[in-house]
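By convention in this document, chain letters (A, B, ...) are assigned in the order of the sequence lines, proteins followed by strands, and residues within each chain are numbered from 1.
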Amino acid sequence: MSESTRYQPQAIEERWQQQWQAEGADATPVLNGSGDARAFYALSMFPYPSGNLHMGHVRNYVITDVIARVQRMRGCRVLHPMGWDAFGLPAENAAIERGVDPGAWTDRNIASMRAQLQRLGLSIDWNREVATCHSAYYRWTQWLFLELLQAGLAYQKDATVNWDPVDQTVLANEQVDSEGRSWRSGALVQKRKLRQWFLKITAYADQLLDDLPKLEGWPERVRTMQANWIGRSSGAELSFPVIDDDGRETGDTITVFTTRPDTLFGVSYVVLAPEHPLVARLTASEQAIPVEAFCDLVSRQSEQERTAEDRPKRGVPLGAWVRNPASGERIPLWIADYVLADYGTGAVMGVPAHDLRDFAFARHYDLPVRRVILPEGSEEQSLEGVAWTEPGVLIHSGRFDGLSSSQAKTAIAAAAEAEGWGRARTTYRLRDWLISRQRYWGCPIPVIHCESCGVVPVPAEQLPVELPRDVAFSGKGGSPLAQLESWWRVDCPCCGAPARRETDTMDTFMCSSWYFLRYSDPHNTALPFSREAVDAWLPVDQYVGGIEHAILHLLYSRFFTKVLRDRGLLGFDEPFARLLTQGMVQGITYKNPQSGRYIAPADVADPSDPRDPGSGEPLEVFYEKMSKSKHNGVDPAVVIGRYGADTARMFILFKAPPEKDLEWDDADVEGQFRFLQRLWRLVEGAVDRGLSLAAPHGPGGIRADSTTLVPDPASFSPADRELRRAVHTAIAAVSDDLEGDLQFNTAVSELMKLSNAMGEHLAAACEPVAQEALRSLLLLLAPFAPHLAEELWCQLGAGEAGSIHRQCWPVVDPAALVRDTVPLVIQVKGKVRGSLDVPADADRDTLEKLALASEIAAKWLEGKAPSRVIVVPGRLVNLVP
RNA sequence: GCGCCCGUAGCCCAACCGGUAGAGGCAGGUCACUUAAAAUGACCCCAGUGCGGGUUCGAAUCCCGCCGGGCGCACCA
């Protein structure tokens, strides 16, 4: 083989990337509203510009790129943009550590990552690129904040908030995991009382929950996670009046939240959180010392200690009493560590007979257990010593006796409402979104604090409020903005008096909650986006990104969309119609179980018997998310340098289904490269034999821009038929894999099958059939390996019909799939006993007759007639004796 | 504790509505080509679907119970 015909991906890929860029091949088509072509919006979650592309990015963007390319070939006008989630702490930390300007640092990273992305051959329209840290963008983030402010959805309040001691800023609840650690730094967060800005996402809690079932194109588990996070819980608020020793009401009231108002008559005590505001006032003097000691003890415990699963529940009586509003009973008031101040009302009613926690608490402190719910058809005595937490029928509940739990819930809430001691109430786990950050590198919150006018929004025409340059980054003493008096000292836009600019910046999740809207109209200088553009392109048809945003970004973006809809800025309810959450890319990881040290794969001499290069101890081998500290990362640039972008793309698509974790394996990458080489040789061989997709040489040929096959099917040889069947089977299978459930892994394997079949039959096929096969193979390959497909397309002389990426997706010819005979499996009593070749179009009766007449039947039925015959046309006949 | 997902060949992964368990790849083996090796090509080897029951003419697929792995939520009243 001569040098010139070797597959050399680097040269090919670079050449085509330059050409596509020169032609503007990836520009977004204009939407003219005439409806002649459907709009399709393919979107990847935009990256933080760390400067380094990692395999997770590659997987994300390649998946989206394949979708975009297929939709283009299907005739859609496709929007496939990219941008940068460019505010955030790494830039500011670089400024503190190395004295570089955060803006310049970020821009350099963007440039370098953009180049790395372009090397992957992604069909992205770079003219629509956005970076959230550029004032042309964050001007509109500020504008949208003012919209929220005007809508009453942005407000300030003093609150106990999560403080990240490493990143030196507060965090939203969503950004702290269940172990109380920061999503970014991993530090244990601390509680601080601060005045902060919040967005009233709770006002949309019901919509955010109730619209989840509409998101049919989302993974079930993401919807479940959001539902859990919102945590709607229906019940009632019930008020227990505080009474003195003589049973007179003191005027104070304890309001509890309960999901079980039906158990009201079973209340044997009421418990407050130790932080409840009424604790101090209600504590009897003789209980003051133990109560104070208990509160002190609880306050010194960390959140984690306090909420640990199986710790015993502790409490102290206040020496005060309340009256059950329904039964009139006198009930003791307690405080206990298992009641949380910030959920519900910070007070609960204790019903030991019907709640496991209350039961444990009552046992420990010898409080009475009163059964008021009886399981349907059960005896009261049978429930000694357990808490019945399921619904049942009410007993010992006065006028509510005999009602079912569900009837009683409604009836008791209604009675409470009518008599003024309570009401039906729904609570949520979801809290308002804390968006203030005490850091420099974020979007400034565009308000001014004035002594006399209060909080004054910066007038829209004065936006953007730009971040100051030439800031000193000491990393100490709080936000750099708060230390820059020349920046925060302003005049009040209302009264002109000296005032103070807000020095907190916004959570970066604000910037990413609307970027997908901006792509529809990225150069608009009058508005964040026009209503026409946003309604024409959105909702996003296919969103692709990591599961780590299941709650965070995806919930915030849904919230923004609903708010902007209510403000009349857009006309849809949900931003993302379909969501694909791609799995992690994992690297092979070697760990010494003795020392706990991670060993780089390069230092492992014999992978079949991995040992610590220092001590010789055997190593553990497993796959884990790629990271520097574990020495298990694979640099995309290295892979592309060695094999080319097409191999990297094909491998990553082929190795695992997109939503599953992918185990990186160098041997498999090699295998993928060999497949592309095989394709190269296949086409080279065809070119050498004079095959071409240029204008037809004679009658019967097909042109590159034609989808019809001219010659008479009757003239096809068996090889022609075999080849055509393989071609059209592949078209059908690949098309199917790219529709609905996206299964790129099986699509690639279909391409391999087709190339195997072509290797077998191409040489024997007639020219038009061979042309059809080559043409179809390259068209199917084009979204996956765009450079190689384009190159081979041109080598076959089809370039005159234009880029392969502008061609139509191939169409299945059902006639090519038809077979004369098909194998029919003969089962006897469900066991496979043999098979027959039968006419493909045979009906049930014929199949039954053929089966019964077969030697297989004769042998296994021993002459007896079967009692039952099951016929599955095209598959099998089952004879049951 | 509650809820969800996953267990198929040495490995990664397929298998439409229940219908012959294997498409594709990796690894391994044999042969051909070669002075030799690499590369390439041809062929081959390998599981009865985590375990136990059930439904069915027929179960990887549906149901029940376990085991193993992963994820989410969790004193939420």
Side-chain angles (χ1 to χ4, degrees), chain A residues 1 6 177-178 219-229 231-233 235-236 256-260 263 270-271 273 306-313 336-340 342-351 354-358 360-361 427-429 547 550-551 583 608 623 650-651 654-657 659-672 674-675 677-678 681 729 733 736-737 743 745-756 759 823-835 866-881:
Chain A
M1 191 185 292
R6 273 247 300 281
D177 68 16
S178 58
E220 184 62 42
R221 63 176 184 141
V222 175
R223 292 191 279 169
T224 308
M225 283 165 74
Q226 293 211 352
N228 286 343
W229 185 261
R232 181 160 70 192
S233 144
V256 304
F257 174 72
T258 179
T259 57
R260 295 295 305 274
T263 64
V270 166
V271 206
R306 199 171 153 185
T307 58
E309 189 179 334
D310 44 5
R311 66 186 302 281
K313 291 141 189 38
D337 54 1
Y338 75 92
V339 178
L340 306 176
D342 59 356
Y343 184 79
T345 59
V348 303
M349 57 188 215
V351 187
H354 304 293
D355 181 278
L356 294 171
R357 270 180 324 243
D358 297 345
F361 191 78
T427 61
Y428 302 86
R429 209 179 90 89
I547 187 76
I551 294 170
S608 61
Y623 283 88
M650 293 285 284
F651 164 76
F654 175 66
K655 176 71 181 175
E659 67 284 352
K660 283 188 66 172
D661 289 347
L662 179 155
E663 297 177 356
W664 188 272
D665 180 344
D666 289 330
D668 282 334
V669 179
E670 190 79 44
Q672 203 55 235
R674 285 203 293 264
F675 171 57
Q677 284 177 307
R678 247 182 341 263
R681 281 194 301 269
T729 303
D736 191 56
D737 285 340
Q743 299 178 80
N745 53 329
T746 50
V748 173
S749 82
E750 291 296 333
L751 294 175
M752 292 172 170
K753 250 200 290 195
L754 175 56
S755 106
N756 290 344
L824 180 75
V825 168
I826 308 298
Q827 289 184 343
V828 178
K829 203 164 177 281
K831 298 227 183 310
V832 177
R833 296 304 185 189
S835 78
S867 63
R868 200 170 156 192
V869 179
I870 292 119
V871 181
V872 184
R875 293 220 177 252
L876 57 78
V877 174
N878 186 6
L879 306 170
V880 185

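- Of the N and O atoms on the side chains of A:S233 and A:Y428, not one donor lies less than 3.5 Å from an acceptor on the other residue.
- Proximity note for A:A667 (side chain, C-beta onward) versus B:A27, B:A77, B:A14: the nearest is B:A27.
- Of the candidates B:A77, B:G24, B:A23, the closest approach to any side-chain atom of A:N756 belongs to B:G24.
- Legend: residues meeting ring-ring contact (aromatic ring centres under 6.0 Å, His included) with A:W664, ordered by chain and number and at least two apart, are A:F651.
- Of the listed nucleotides (B:C13, B:A27, B:A77), B:A77 has the atom at the smallest distance from the side chain of A:Y343.
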message: Would A:D737 and A:E750 count as a side chain to side chain contact (heavy atoms under 4.5 Å, CB included) here? Give the steps.
response: CA-CA 10 Å; A:D737 285 340; A:E750 291 296 333; 4.2 Å; yes

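- Closest to the A:I870 side chain, of the nucleotides B:C13, B:C57, B:U20, is B:C57.
- Nearest to the side chain of A:R868, among B:G41, B:C57, B:A77, sits B:C57.
- With P as the reference atom, B:C6 and B:C63 are 11 Å apart, rounded to whole Å.
- Considering only side-chain atoms of A:R674, the nucleotide from B:G24, B:U20, B:A27 that sits closest is B:A27.
- A donor-acceptor contact under 3.5 Å is not formed by the side chain of A:E750 with the base of B:G24.
- When distances are taken from the side chain of A:R681 to each of B:G41, B:U20, B:G19, the shortest belongs to B:G41.
- Taking both residues in full, the closest heavy atoms of A:K829 and A:N878 are given as N-OD1, 3.4 Å, listed atom of the first, atom of the second, then distance.
- No hydrogens or angles were tested; on distance alone, nothing pairs the side chain of A:S749 with the base of B:A14 as donor and acceptor under 3.5 Å.
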